[in-house]
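Report on one structure; see the data block that follows.
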Amino acid sequence: MKAQHRKPQIISEDTHCQVNSLIQRLDNVKHIADSGFWISTTELKLLLSLDETFINSLNKKVLSQPQNCKFSWRNFECTLVDHQFGESFWAINTKQNLLINNNDALSQTPTYVSEIPDYKQSTLSDSIVLKIPPEVEVIPSPYALIDDFLSASQLNDLLRYTINKQPDFLPTTNSASDPNYRRSFYLAHFPEFSDLMVNLVRKISPQIIKHLDIKDFAIGQIESQMTAHNHGNYYKVHNDNGSPDCASRILTYVYYYYREPKSFNGGELVIYDSKIENGYSVAADSRKVIQPTNNTIIFFPSHCMHEVLPVSCPSEYFADSRFTINGWVRHV
């Protein structure tokens, strides 16, 4: 019998590049683990080449179980250590003799090795920014809430006036010119009730300023606008004095009113506590959620980050909207 000789297997250049990329990735992960750096979910996705399905599942677990949220990747363990302003941060630790639990989708090693990224196109150094969140002091955001702000007759007249003015309402805009940042309708000119509201706010503002422990200031212009939030409307996180033309705003007010019985859900006002980062006031994780209760008015400092949660109004009738008269007290 003739001896059979096997042809030597040749490793393709493409396979060699994939192996080198994998080794580089493992070295990068080990470097971060040894250094003790924290990295965000976005950075973690790029570093480990995690797919969108796993990231979505991970984000859900962060929201439901933030106290004990971790998963393993090869012989490394990624543990949630902080969650700030909608961004999660993770610590990576080396794990010896890793035992994979295949029954837990978020504790098992992710099987995302079918496609290894080409680091010639997107290198780690170009894309990963390591962050070590410093210890920061959370500053509570105060607010004042007043019930039954208008008389019953004033409220009825205001509702009737607002519904009749539907053709004059315009889509709202924002300084970022982002159509997905804010959705609602507003009426800028309504002297029949803006004068009433401005006079009432001017009269009570000194007491509110003292109550909120805001440094006393000379009250100047008081602005007022009427807004309507209907089905699917919202306003994402923002503050009211972050642009040059709004810098003199000190105090924000929002007066809520709607037709009874209430025909919408949602539309809560979320006011975030503050912290200082790089010399700027930004939103902290802690927050207050204010229900839009009929005939109430809320006051809070204009620098506070806040948002309006989406409104659900099944009828989509304008008359069933969440109505407000909102505005700002400026210093002279």
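Atom set for the values below is all heavy atoms of this structure, side chains included, hydrogens, waters and symmetry mates excluded.
Of the inter-residue distances, the one linking Met226 atom CE with Thr324 atom OG1 reads 8.5 Å to the nearest 0.5 angstrom. To the nearest 0.5 Å, the span separating CZ on Phe190 from CG on Leu158 amounts to 8.5 Å. Once rounded to the nearest 0.5 Å, the distance linking CG of Leu251 with CD1 of Ile222 reads 8.5 Å. Note that CG of Asn239 is 12.5 Å distant from CD1 of Ile271, once rounded to the nearest 0.5 Å. Within the model, atoms CZ of Phe149 and CG of Leu200 stand 4.5 Å from one another, a figure rounded to the nearest 0.5 Å. Atom CG in Asn241 sits 5.5 Å away from atom OG in Ser302 (nearest 0.5 Å).
In this structure, the side chain of His231 engages the main chain of Cys313 through a donor-acceptor pair within 3.5 Å. In this structure, the side chain of Ser35 does not engage the main chain of Phe37 through any donor-acceptor pair within 3.5 Å. Looking only at distances, no side-chain donor or acceptor of Ser49 sits under 3.5 Å from a matching main-chain atom of Leu47. Judged purely by atom type and a 3.5 angstrom limit, Ser57 has no side-chain atom pairing as donor or acceptor with the backbone of Thr53. In this structure, the side chain of Thr172 engages the main chain of Ser184 through a donor-acceptor pair within 3.5 Å. In this structure a side-chain-to-backbone donor-acceptor pair under 3.5 Å is missing from Lys61 to Cys69.
Below 30°, between 30° and 60°, or above 60°: for Phe54 and Phe71 the angle between ring planes is above 60°, a perpendicular geometry. In this pair, Tyr258 and Phe264 present their aromatic rings perpendicular. The plane angle is above 60°, beyond the 30 to 60° band.
For OH of Tyr234, the number of neighbouring non-hydrogen atoms (other residues, nucleotides, ligands) closer than 6.0 Å is greater than 12. With a 6.0 Å radius and a threshold of 12 heavy atoms from other residues, nucleotides or ligands, Lys236 has its NZ atom above the threshold. Under a cut-off of 6.0 angstrom, the local environment of CG in Asp213 is sparse, with at most 12 non-hydrogen atoms contributed by other residues, nucleotides or ligands. Shown here is Lys30, whose NZ atom has no more than 12 heavy atoms of other residues, nucleotides or ligands within 6.0 Å.
Both Tyr253 and Ile208 sit in one connected hydrophobic cluster of ILVMFWY residues. Membership requires side-chain heavy atoms under 4.5 Å apart, directly or through other members.
The cationic group of Lys165 does not satisfy the cation-pi geometry with Phe169, failing either the under 6.0 Å distance to the six-membered ring centre or the 45° limit from the ring axis.
Looking only at atom types and distance, the side chain of Ser321 has a donor-acceptor partner in the side chain of Asn230 under 3.5 Å away. With hydrogens and angles left out, the side-chain atoms of Tyr257 and Thr162 include a donor and acceptor closer than 3.5 Å.
Using a 4.0 Å cut-off between a side-chain N of Lys or Arg and a carboxylate O of Asp or Glu, Asp273 and Lys288 qualify as a salt bridge.
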* Please walk me through it: do Asn294 and Lys262 pass side chain to side chain contact (heavy atoms under 4.5 Å, CB included)? -> CA-CA 9 Å; Asn294 204 10; Lys262 182 180 175 183; over 6 Å; no
* To do: Show the numbers, then the answer: is there a side-chain hydrogen bond (donor to acceptor under 3.5 Å, both in side chains) between Thr42 and Ser40?
  => CA-CA 5 Å; Thr42 303; Ser40 68; 4.5 Å; no
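Applying the ring-ring contact (aromatic ring centres under 6.0 Å, His included) test between Phe193 and each of Phe323, Tyr161, Tyr255 identifies Tyr161 as the sole match.
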